[in-house]
Amino acid sequence: MKKIKNLLIVTLALFLFNSANALEIIDVKNSYWASQEIINAIQNGYIYVIDNNKFVPEGTMTRSEFVSALLRVVRRDNEPVVQATSFKDITNATPDKKSVVLSEQIRMAFGYPDKTFKPNVAINHNETMSMIANITKGDYVAGDITNFSDYEEIPIWARRAYIKNVANGIYVNHPEEDKFTPDRDLTRAEAAVLFDRVAANLDKVKDTYKDLYDNLPDEGTNSAYNFDEAKFIANNTLELAPFATNNKVEIYDKKKIIEAGNILIGTSLDEVKTRKHLVGHGYTFTAPNDVYTKEGTFLYPKGTEFYARVYKIGYSAWRSKPEKSRFVFYKYSLPNGETYDMAGVPFTKDEKIVYVKDNKKTPKKAMDLANYKSSNKNYLIECAHQMAPLTEFDIKNNKTIYILLTGDMVIPQSEEFMNLRTEPSLLEEKI
């Protein structure tokens, strides 16, 4: 009986067996320091049990095993591989080859300077910290890790990753809480703890690393708001760009619908690089002003963020390097944190991004579309042809572009939402 009490019993929901069946992990006791995290890792499918019902908590993980597990944590493991690997030591015989190539594709892992990945080598703390820092939001933050007695042993290339991960609470230091032991190989128990902390902090993981190909709403999308139960009030007009293929906005008592074909304006918060960013890389654009219809209806506030990600890339035929890419808008977030689906593309002309003109100068790639002479029908046909080209572009921070909606954009209507405005409408000012 005493021996049974010392076993860690993990009950797994097995589809082919009675749910009363239990899997006994014979080498992890209930009192083990990471027992709960190990339970979580197994139940969520991050790490698998080894033969003979052993977890081998003090065993190590190879680099390929680690990236495979981390992809499962952020639910990117089922994404298709669309590019060849540049790692010289990755072949069809490499264990977890797809995961290694996918981790390179989404820029989670970069390998070694000699263009190798070393998939069968045990991964150490420095390398795990670097990969986790690669997938979390924001730049490398300023912080202090001098309270850890061995922080000076961290190599310079990894130090900022430790600082960022400590600030986010995504790190592990066992058994001595004041030490990182940076050069030591990661144990399977430590990996379980790390994966558990990443999963608990998905809000800190970049949107491009979460559920990219999931058919469910994106993490954080407000699915509780019922857009169907609404009473139609009137049609309004949106005139952010005079050359938009559609300017119709439907106004309901509980929602507003900016129809597909309308053009919005977004200012880039991230640098967009054709030749640098790969499939899945994310960008954020923000609304520079409150947006109203011509009739004075408030649509969405200044600071609303539009999220985009690279959907497809084109490679040079002779250099096998990214030359052009396509990115799409897939959701927007209001300043109060509510997030909803959207569908759009950067508006293009002659395979160039169309920028918003300003009073100071005309951007090099801007096209004067206000004087477009074709009929609206012909323009719509041409516009549809332009919606999805692979384009060569560079967008600097704070650069403003046009966003063409390829699907209706639904926006909530409530008193709380109205309070998000930064300034009243012209109609309200007159009142």
Side-chain angles (χ1 to χ4, degrees), residues 76 79 82-83 104-108 110 133-140 205-210 212-213 218 240-241 244 262-289 302-316 319-333 339 341-358 360-367 369 383 386-407 409:
R76 289 289 294 273
E79 179 177 340
V82 297
Q83 71 176 58
E104 178 188 15
Q105 176 177 296
I106 66 175
R107 303 181 69 79
M108 184 176 79
F110 295 90
N134 286 342
I135 66 172
T136 49
K137 294 178 181 178
D139 199 355
Y140 288 81
V205 174
K206 294 176 182 176
D207 292 316
T208 54
Y209 291 96
K210 293 185 295 187
L212 182 60
Y213 290 90
D218 287 287
L240 292 182
N262 272 283
I263 286 180
L264 311 182
I265 293 176
T267 300
S268 176
L269 299 182
D270 310 289
E271 188 175 30
V272 181
K273 286 285 188 181
T274 300
R275 294 180 175 86
K276 179 180 179 182
H277 299 152
L278 302 181
V279 170
H281 191 94
Y283 310 116
T284 303
F285 292 75
T286 185
N289 304 104
K302 175 181 179 180
T304 295
E305 293 186 341
F306 308 107
Y307 300 111
R309 57 192 170 207
V310 178
Y311 177 74
K312 187 176 182 180
I313 55 179
Y315 290 87
S316 165
R319 288 192 299 173
S320 295
K321 291 186 177 180
E323 290 291 338
K324 297 183 177 182
S325 53
R326 176 193 309 171
F327 68 91
V328 298
F329 291 86
Y330 63 100
K331 69 177 180 178
Y332 72 95
S333 180
T339 302
D341 295 328
M342 70 176 291
V345 293
F347 190 83
T348 60
K349 177 71 174 176
D350 299 329
E351 296 195 352
K352 302 291 184 182
I353 299 295
V354 179
Y355 293 86
V356 178
K357 286 190 174 183
D358 55 41
K360 296 180 180 180
K361 65 177 183 178
T362 301
K364 182 179 180 181
K365 296 179 182 178
M367 308 297 294
L369 300 181
C383 182
Q386 295 175 21
M387 286 196 312
L390 293 170
T391 57
E392 182 178 348
F393 55 87
D394 290 307
I395 301 177
K396 297 180 180 179
N397 292 352
N398 299 319
K399 196 69 174 178
T400 302
I401 69 168
Y402 293 110
I403 301 171
L404 173 65
L405 291 180
T406 57
M409 180 174 170

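Nearest heavy atoms, I135 versus M108: CG2-CG, 3.6 Å. Nearest heavy-atom pair, V272 versus F327, reported as atom, atom and distance to 0.1 Å: CG1-CE2, 4.2 Å. Scanning all heavy atoms of the two residues, the minimum distance from P346 to I353 falls at CB-CD1, 3.6 Å. For the residue pair F285 and G266, the shortest heavy atom distance occurs at CD2-O, 3.8 Å. Closest non-hydrogen pair, F347 versus I263, comes out as CD1-CD1, 4.0 Å. Contact record, A241 with Y402: CB-CE2, 3.9 Å, taken as the closest heavy-atom pair.
Taking CG of L405 as the start and CG of L264 as the end, the distance is 4.5 Å to the nearest 0.5 Å. One distance of note links OH of Y283 with CD of E271; it measures 9.5 Å at 0.5 Å rounding. The distance from the CD1 atom of I395 to the OH atom of Y355 is 4.5 Å, given to the nearest 0.5 Å.
Side-chain contact check for T286 and T267: no donor-acceptor pair (N or O, by modelled atom type) lies under 3.5 Å.
Between E305 and L269, some side-chain heavy-atom pair lies under the 4.5 Å cut-off. Annotation: side chain of I401 is not in contact with side chain of S268 (no heavy-atom distance under 4.5 Å).
One N or O on the side chain of D270 and one on the backbone of T284 form a donor-acceptor pair closer than 3.5 Å.
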* Asked: Should Y307 and S333 be marked as a side chain to side chain contact (heavy atoms under 4.5 Å, CB included) after you check the CA-CA gap, both sets of side-chain angles, and the distance that decides it?
  -> CA-CA 8 Å; Y307 300 111; S333 180; 3.4 Å; yes
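Ring geometry for F306 against Y332 counts as tilted: the plane angle lies between 30° and 60°, on a 0 to 90° scale.
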